[in-house]
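For the single chain, residues carry numbers from 1 onward in sequence order. Atoms within a ligand are numbered from 1 in the order they appear, just like the ligands themselves.
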Amino acid sequence: MNAFDQNEVWFVTGAQLLYGGDAVIAVDAHSNKIVAGLNESGKLPVKVVYKGTVNSAKEVTATFKAANNDDKCVGVITWMHTFSPAKMWIHGLQELRKPLLHLHTQFNKEIPWDTMDMDFMNLNQSAHGDREFGHIMARMRKNRKVVVGHWQDPKTLEKIAIWMRVAAAWADSQNMLVVRFGDQMNNVAVTDGDKVAAEEILGYHVDYYPIGDLVAVQDKVSDADIATLVAEYEKEYVIAPNCKEGGKDRQQVIEAAREEIALRRFLDEKGAKAFTTNFDDLKGLDQLPGLACQRMMADGYGFGAEGDWKSAALYRTMWYMSQGMPKGCSFLEDYTLNFNGDKTAILEAHMLEVCPLISEEKPKLEVHPLGIGGKNDPARLVFTSKQGEGVAATIIDLGNRFRMIVNEVDCVKSKKLPKLPVASNLWIPRPTFEVGAAAWILAGGTHHTSFSYDLTTEYLEDFAEMAGIEILVIDKDTNIRDFKKDIRINEIYYLLNKSLG
Ligand code: MN
């Protein structure tokens, strides 16, 4: 099933009645053809629904109010076929709470040089109609994505497709319950933040549950259900000798399966989309749930370690955006550095919790001691990760606002780590390790990130635009002098921004 089957994007054409009935009919016919073309392109993940041409303030407002109230509608595409005097859009735009994409296109691709007359000119006025519409959006400080290009051009479709995936993920985040077992790891600053502001601005509802509630669910898990899940492990992974039936750590695998079943039941019963654990809060559990967190991330549950609810939520959002894409995503942590000139890289890993979607091989299921947490030896999947480009992202709380930070990275081949039995990824931040890491540190970025091979910075820029939060991008063009300037300018912008609304 396509994960976006339940979603729609509405297409609303702007015009006016000045040009007579024939023009109205033509505008409608062209809009229908464009929408059919978009849907038949095979390039768009969400169905486009034509909601008609709007010719008056009353029609604009009614259409946008309907979009707000339709749960299937994750966003609205607007396009001005003729000139559409933009004062008629003001009240509707004041109402609209769904993401907006302004498509600057034209029905015909080329000018019909030999036949073009004044009737044609009156009908096909996107070139200036979309500027009038852009003006009122700028005047009202409305966040939106502007996509420019002919509607049949693959590059135009690609930009619309990106925005659609983000809009669907944005809708998903608007009723996201994040469950936390335990609090933050004591004294850690960067993973903490204002959960009230997060609900208001990002949509996340964050609830605490005592670990004892999970233990109660765990204690009801049947041996038959555990046996079924362990059989699944045996099919999907290479099983280490000590984890096989009769092996000395077999019981640890069984206990890991018990925890996984309990976690899934608990979250599903609450309708939660993301969760956090804390190695200091495991009373009644056999081991730190590593394997469970890894496998559940692969199924789209957001996860953050040590109480990191912002990373848990962002992982869920990035997984949601990238559904059906080939290379995968994961929660990761900057673990240790390998200085090596312009190949200097960061080894990304965690105590246990790295998503197997990013593995370059069939993961190995292993059990080893873990120095932290004071529990039994935990089961975990061990692997190295794919090579290629990707994005690492985080959201931090600066006290007066949320800031998203994105670093484009190049994942490179890792050496084997025979004495470090955890999953890992090895990457070189762009533009270089020195500049990338310095910029990340200046921006106040976390040691935890949500990472994806499939998404690009554009997805996260669209997300920040929908959320109305700050975004700082670290890419091949970043230099520290300009980056510091951006940070300082943003400081002023976001202080003033409160008074712009
Ligand atoms: Mn951590």
**Report entry** F331 and F451 aromatic centres sub-6.0 Å
**Finding:**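 No, the ring of F331 stays outside the 6.0 Å limit from the ring of F451, centre to centre.
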Requested in this report: Taking the side chain as every heavy atom from C-beta outward, state whether Y453 and M325 have any atom pair closer than 4.5 Å.
Outcome: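 Contact flag for Y453/M325 side chains = no.
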Query raised in the report: Between C293, S330, S359, which is the residue that forms a side chain to side chain contact (heavy atoms under 4.5 Å, CB included) with V354?
Result: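 When C293, S330, S359 are each tested with V354, the side chain to side chain contact (heavy atoms under 4.5 Å, CB included) holds only for S330.
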Requested in this report: Answer yes or no for K270 and F266: cation-pi contact, defined as NZ/CZ to six-membered ring centre under 6.0 Å and angle to ring axis within 45°.
Outcome: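 Cation-pi check for K270 and F266: passes.
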**Report entry** R401 vs E470, salt bridge (Lys or Arg N to Asp or Glu O under 4.0 Å): CA-CA, chis, key distance, verdict
**Finding:** CA-CA 8 Å; R401 67 183 187 274; E470 180 187 7; 2.7 Å; yes
Query - Contacts of type side-chain hydrogen bond (donor to acceptor under 3.5 Å, both in side chains), residue N175, not counting sequence neighbours - result: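 By the side-chain hydrogen bond (donor to acceptor under 3.5 Å, both in side chains) rule, N175 matches K273.
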**Report entry** N, O or S atoms of the protein lying under 2.8 Å from the Mn ion (ligand 1)
**Finding:**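 E306 OE1, E333 OE1, H350 NE2, H448 NE2, with waters left out.
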